[in-house]
Amino acid sequence: MPELPEVETVRDGLQRHISGRTFADVQVLHPRAARRHLAGPDDLAATLRGGTVGDIRRRGKYLWLPVNDDALIAHLGMSGQLVVGTADQPLTSHVRATFSFTDGGPDLRFVDQRTFGHLAFSPGGAELPAAIAHIAPDPLEPGFDDDRFVSKLRTRRTGIKRAILDQSLISGVGNIYADEALWRAGLHWARGTDALRRTDVLRLLAAIRAVFGEAILAGGTSFDSLYVQVNGQSGYFDRSLAVYGQEGEPCPRCGTPIVREKFMNRSSFRCPRCQPRPRRGRW
DNA sequence: CTGCACCCCTGTAGGC
DNA sequence: TGCCTACAGGGGTGCA
């Protein structure tokens, strides 16, 4: 999925295409899409009909559409898309929910091949849905407190990559941007959080923000058709990836071939020279 | 608190 | 051409 830059790209698209409009018909076509809405898919659809969408919000990888004082939460999981379509465009094979609007304009479709994404309704959740209260602020939010992050991080006894993937500590970072930010900061993924210096953590935070910012400008990273913007277009940040997916390619900084390693049951990429293995790491 | 195994799914790539 | 495995950008839960 979609990590923060991709979700932000979708948020921006929804803001331009959906905000201010009123739901007419809502259809939840696949029950898994509403599995976190305990009252069920039909209740979710019925609750949304007639609601007017406010300014689209995001925290980390979660999106929400304020609907009056309430909110429609959307998480894209690994393969979710929110795309705008017109009535003459046939539904593709993995459409899980459709939304039409009272103005008769373009509709909204929730598409999700692997069904790890979900939709849910959060009563009173317009400002911050209760269902995502456990998600920490993301580093692009004004409310993100750098000092608080540094101190929380250093009380952990784990490796730095594991820590930045923990959405309750800092949100929005997934496997791709974790690797890119660690490379920019020159940190190995196993560096122990309790042994990191404050300057290391601040350098990493700056790297996360920089890579997020560049990726947002590029419209996100798309390896394939699974991730697209609301208009169906792909982002092009994949061309700027320094290490992720670059096994055997030269490090853009020193030329050393990038290595791929198994970590947390997935792949990690790093430069063995810029990001040397620590003597006493944690993983 | 932390790690870890496992679950939810589908599709694709690569080896045989 | 199959068949099989590994793997893919997430996150929640339950257990040790």
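Listed nucleotides C:dG9, B:dG11, C:dG11 differ in distance to A:Tyr244; the shortest reach to its side chain belongs to C:dG9. Taking only side-chain atoms of A:Thr115, from C-beta outward, the nucleotide of C:dT13, B:dC9, B:dC4 with the closest atom is B:dC9. Listed candidates were C:dG10, B:dG3, C:dC7. Nearest to the side chain of A:Thr158 is B:dG3. Nearest to the side-chain atoms of A:Gln167 among the listed nucleotides B:dC4, C:dG11, B:dC1 stands C:dG11. Closest contact between the side chain of A:Glu3 and the listed nucleotides C:dG10, B:dG11, C:dA8 involves C:dG10. Listed nucleotides C:dG10, C:dT13, B:dC1 differ in distance to A:Arg266; the shortest reach to its side chain belongs to C:dG10. Comparing atom distances between the A:Met78 side chain and each of C:dG12, C:dG9, B:dG11 picks out C:dG9 as nearest. The side chain of A:Arg156 sits closest to B:dC1 out of B:dT10, C:dG10, B:dC1.
In this structure, A:Tyr177 and A:Phe212 have perpendicular ring planes: the angle between them is above 60°, well past the 30° mark.
The CD1-P distance, from A:Ile160 to B:dT2, rounds to 12 Å in whole Å. Between the P atom of C:dG9 and the CG atom of A:Asp112 lies a distance of 16 Å, rounded to the nearest Å. Nucleotide C:dG10 holds its P atom 16 Å from the CD atom of A:Gln81, rounded to whole Å. Whole-Å rounding puts the A:Ile176 CD1 to C:dA8 P distance at 11 Å.
With 3.5 Å as the limit, one finds no donor-acceptor pair spanning the side chains of A:Asp107 and A:Ser100.
Atom CG of A:Asn265 sits in a sparse spot, with 12 or fewer heavy atoms from other residues, nucleotides or ligands closer than 6.0 Å.
Base pairing analysis places B:dC9 opposite nothing; no Watson-Crick or G-U wobble pair with both distances below 3.5 Å involves it.
A donor-acceptor pair under 3.5 Å links the side-chain atoms of A:Lys61 to the main chain of A:Val173, judged by distance alone. Judged purely by atom type and a 3.5 angstrom limit, A:Thr193 uses its side chain to pair as donor or acceptor with the backbone of A:Thr158.
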Could you go step by step and tell me if A:Glu127 and A:Arg57 meet the salt bridge (charged side-chain N to carboxylate O under 4.0 Å, His left out) rule? CA-CA 8 Å; A:Glu127 266 312 300; A:Arg57 305 281 301 271; 3.4 Å; yes

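Annotation: B:dG11 and C:dG11 have their P atoms spaced 22 Å apart (nearest Å). Straight-line distance between the C1' atoms of C:dG9 and B:dG3: roughly 22 Å, to the nearest whole Å. For the C1' atoms, the distance linking B:dC8 with C:dC4 amounts to 22 Å, nearest Å.
A:His134 comes within contact range of the sugar-phosphate backbone alone, with a heavy-atom separation under 4.0 Å but no base atom that close. Contacts of A:Phe237 with the nucleic acid, taken as non-hydrogen atoms under 4.0 Å apart, are absent. Within 4.0 Å (heavy atoms only), A:Arg36 reaches sugar-phosphate atoms of the nucleic acid but no base atom. A:Ser267 comes within 4.0 angstrom of the backbone, heavy atoms only, and of no base.
For A:His94 and A:Arg32, each mapped to the nucleotide of DNA chain B holding its nearest heavy atom, the one lying further toward the 5' end belongs to A:Arg32.
Judged by centroid separation below 5.5 Å and plane tilt below 30°, A:Phe116 stacks onto the base of C:dG10.
Proximity of A:Arg114 to the phosphate of B:dG11: no side-chain N or O atom is located under 4.0 Å from OP1 or OP2.
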